[in-house]
There are 2 protein chains.
Amino acid sequence: MARNSQAARITKSRAGIRPRPGRTRSGNGSVHNDLMNDEIGLDALAGHAGYAVRRFQIWIFQDFIRTLAAVDIRPTQYSVMTVIGANPGLSQMAVAKRLGIERARLVHLLDSLEHRDLVSRIKSATDRRSHALHLTARGRTALAQFKRLAAEHERHVAEKIGKENRERLLQILSAFT
Amino acid sequence: MARNSQAARITKSRAGIRPRPGRTRSGNGSVHNDLMNDEIGLDALAGHAGYAVRRFQIWIFQDFIRTLAAVDIRPTQYSVMTVIGANPGLSQMAVAKRLGIERARLVHLLDSLEHRDLVSRIKSATDRRSHALHLTARGRTALAQFKRLAAEHERHVAEKIGKENRERLLQILSAFT
DNA sequence: AACAATTGTTGTCGTCAACAACAATCTTCC
DNA sequence: GGAAGATTGTTGTTGACGACAACAATTGTT
């Protein structure tokens with residue numbers, strides 16, 4: 001169903017992070033080509049945190065998606081289930097704020113998870129505007145498996161950048177978690 | 001022109017990274033609410049590199065966009081101009097590979113930059129399929145200003161996570177640059 | 001010369017962030 | 001107590017972005 005196909009697509013294009021140019025400059029023998037080696041860079045792109053972070057984020061998400069492809073769970077879905085699992089009864093607003101998701105977006109995410117019988121929206125008795133979010137029984141056992149796979153993904157990260165570097169990175173970015 | 005309005009939009013919604021919940025759980029007094037404090041978390045979301053990186057990446061891009069809003073340049077546009085500026089004459093394929101962008105996407109990016117007279121596509125004489133990419137005179141002076149603003153953005157990053165942490169992070173992620 | 005590969009281009013699809021508008025439902029304040 | 005304002009979930013739109021597929025023009029290979 002539409003996401004499986006995408007997961008499959010991503011699984012296909014895989015290997016090292018970026019298809020670093022096997023050969024770089026095409027046949028153009030135009031101006032200013034002082035660097036006759038094969039690397040393009042040395043460019044001023046190094047030293048830009050945003051660029052490195054973006055590339056890393058793409059890599060890490062692709063690995064997450066690939067590692068959890070069998071259960072068809074994407075990072076955002078995982079984070080939603082994790083938060084609900086740890087704090088049953090939260091409203092959609094609360095979950096959205098916690099995860100920095102827009103409540104508009106959460107609607108579709110929950111629709112999907114609810115259709116898969118992983119999460120249930122229970123009408124709150126005290127505030128009839130809001131829904132209390134809970135994992136279903138199936139959702140709870142499923143989440144346990146998701147967490148095992150997520151842990152495997154984290155091991156991939158550690159392999160990629162080093163165990164200590166991963167921990168240092170988590171520490172540096174702890175303010176954003 | 002369509003992007004200015006978006007930059008303005010982003011500029012508006014601003015402050016600390018995330019609107020951390022002032023009040024958390026809504027009025028629902030439902031099941032399992034063992035934690036009576038105001039924080040939702042303590043959840044298992046800590047320890048997940050991908051989540052922290054995603055949040056950080058969002059923050060850093062928003063700051064970049066905001067800092068360069070006056071010149072209406074987004075991160076991807078900046079990276080394209082930087083690579084072309086450092087390696088004049090590159091083909092679109094070469095730039096796409098270097099930046100991990102699809103060549104299909106680069107077409108629109110270059111269309112935009114070319115319309116703004118920042119970049120020019122010059123038909124290669126040696127390979128008539130490809131275009132040699134160059135900055136225009138206007139593009140060169142513009143890029144110099146962009147780089148000054150980008151440096152200001154980097155200072156924001158350093159303020160946010162600490163100067164040493166920023167450098168450590170750049171070092172950890174250097175493989176992805 | 002025939003066939004395969006590459007380059008730029010166009011177009012489609014799905015994800016995602018940001019907004020706006022709306023009905024139903026609290027909350028506040030007079 | 002009731003009007004005015006705020007909040008919650010929902011629907012829909014826009015734009016940036018990554019992944020793909022198909023195509024014409026051109027180059028490379030055999």
Side-chain angles (χ1 to χ4, degrees), chain A residues 1-14 18-19 21-23 25-28 54-55 57-59 61-62 65 74-77 90-97 99-112 114 121 123-133, chain B residues 1-14 18 21-23 25-28 54-55 57-59 61-62 65 74-77 79 90-97 99-112 114 121 123-133:
Chain A
M1 44 176 65
R3 183 173 294 111
N4 262 326
S5 64
Q6 195 225 8
R9 241 185 294 140
I10 288 185
T11 305
K12 211 192 316 177
S13 81
R14 167 72 186 159
R18 180 192 359 151
R23 253 190 59 259
R25 248 170 284 90
S26 53
N28 66 52
R54 167 178 161 257
R55 300 300 296 254
Q57 201 257 350
I58 291 175
W59 180 88
F61 263 52
Q62 284 186 348
I65 293 171
R74 314 196 84 241
T76 311
Q77 299 175 308
L90 284 183
S91 70
Q92 297 186 194
M93 253 326 274
V95 171
K97 276 201 260 187
L99 293 177
I101 302 174
E102 273 191 80
R103 63 188 201 277
R105 177 156 162 54
L106 194 56
V107 173
H108 303 296
L109 285 168
L110 289 174
D111 284 350
S112 159
E114 205 170 23
R121 288 187 249 224
K123 290 188 297 183
S124 167
T126 55
D127 185 341
R128 283 156 55 208
R129 294 171 301 181
S130 66
H131 297 155
L133 301 175
Chain B
M1 49 180 71
R3 183 171 295 110
N4 263 327
S5 64
Q6 196 225 6
R9 242 184 293 140
I10 289 185
T11 305
K12 212 190 322 177
S13 81
R14 169 69 184 162
R18 180 192 359 150
R23 254 190 57 257
R25 248 169 288 91
S26 55
N28 66 51
R54 165 177 162 259
R55 300 301 296 255
Q57 201 257 350
I58 291 174
W59 181 88
F61 264 51
Q62 284 185 348
I65 293 171
R74 314 197 86 241
T76 311
Q77 298 174 307
S79 68
L90 284 183
S91 71
Q92 297 187 192
M93 255 323 278
V95 172
K97 275 201 262 188
L99 293 177
I101 301 176
E102 271 191 84
R103 63 188 201 278
R105 178 155 165 55
L106 194 56
V107 172
H108 303 296
L109 284 168
L110 289 174
D111 284 350
S112 160
E114 206 171 22
R121 288 187 250 223
K123 289 188 299 183
S124 167
T126 56
D127 185 341
R128 285 157 53 209
R129 292 170 301 183
S130 66
H131 295 155
L133 301 176

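From a predicted model like this one, the values you see are computed outputs, not experimental measurements. Convention: sequence-line order gives letters A, B, ...; per-chain numbering from 1. Side chains are part of it too, since the values below use all heavy atoms of this structure and drop only hydrogens, waters and symmetry mates.
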#### Entry: Validation row: B:Pro75, B:Ile65 side chains within 4.5 angstrom (heavy atoms)
yes
### Task
May I have the step-by-step check of side chain to side chain contact (heavy atoms under 4.5 Å, CB included) for B:Gln77 and B:Arg74, ending in yes or no?
CA-CA 5 Å; B:Gln77 298 174 307; B:Arg74 314 197 86 241; 3.5 Å; yes
### Message
I want to check one thing: is the phosphate of D:dA19, taken as OP1 and OP2, less than 4.0 Å away from some side-chain N or O of A:Gln62?
### Response
yes
#### Entry: Gap between atoms NZ and P, on A:Lys123 and D:dT10 respectively (whole Å)
12 Å
### Task
Ignoring backbone atoms, test whether B:Arg121 places a side-chain nitrogen or oxygen under 4.0 Å from the OP1 or OP2 oxygen of C:dT9.
yes
Under-3.5 Å N/O pairs linking protein and nucleotides 11-13 of chain D:
none

### Query
Passes side chain to side chain contact (heavy atoms under 4.5 Å, CB included), A:Leu133 versus A:Leu110? Steps please.
CA-CA 9 Å; A:Leu133 301 175; A:Leu110 289 174; 3.9 Å; yes
### Task
Check the distance between D:dG15's C1' and A:Glu102's CD and give it to me in whole angstrom.
13 Å
### Query
If we only count heavy atoms from C-beta on, is the B:Gln57 to B:Phe61 side-chain gap below 4.5 Å?
yes
### Query
5'-most contact on DNA chain C: B:Arg54 or B:Met93, nearest heavy atom basis?
B:Met93
### Distance in angstrom units between A:Leu109 CG and C:dG14 P, rounded
16 Å
### Message
Looking only at the side chain of B:Ile58 (C-beta and beyond, no hydrogens), which of the listed nucleotides C:dG8, C:dA17, D:dG18 gets closest?
### Response
C:dA17
### Task
Send over the distance from A:Trp59 CH2 to D:dG18 P, rounded to a whole Å.
18 Å
### Query
Excluding sequence neighbours, so at least two apart, what forms salt bridge (charged side-chain N to carboxylate O under 4.0 Å, His left out) with A:Arg105?
none
### salt bridge (charged side-chain N to carboxylate O under 4.0 Å, His left out) partners of A:Arg121, counting only residues at least two apart
A:Asp111, A:Glu114
### Query
Can you find a heavy atom in the side chain of A:Ser112 that is under 4.5 Å from one in the side chain of A:Leu109?
no
### Message
So, using side chain to side chain donor-acceptor pair (under 3.5 Å) as the criterion, who are the partners of A:Arg103 when residues are at least two apart?
### Response
none
### Gap between atoms CD and P, on B:Gln57 and D:dC17 respectively (whole Å)
10 Å
### Message
Nearest whole Å is fine: how far is D:dG18 P from A:Ile65 CD1?
### Response
13 Å
Atom pairs under 3.5 Å: protein N/O with N/O of nucleotides 27-30 of chain D:
from   : atom 1 : to       : atom 2 : distance (Å)
D:dT27 : OP1    : B:Arg128 : N      : 3.1

### Summary
Quick note, A:Arg74 side chain, CB onward, closest among C:dC19, C:dG8, C:dC16 is C:dC16
### Task
Supply the atom-to-atom distance A:Arg54 CZ to B:Ser79 OG, rounded to the nearest 0.5 angstrom.
6.0 Å
#### Entry: Rounded interatomic separation in angstrom, taking CG from B:Leu106 and P from D:dA19
14 Å
### Query
Which sits closer to the 5' end of DNA chain D, B:Thr76 or A:Gln92, going by the nucleotide each is nearest to?
A:Gln92
### Query
D:dA16 P sits how many Å from B:Phe61 CZ, rounded?
14 Å
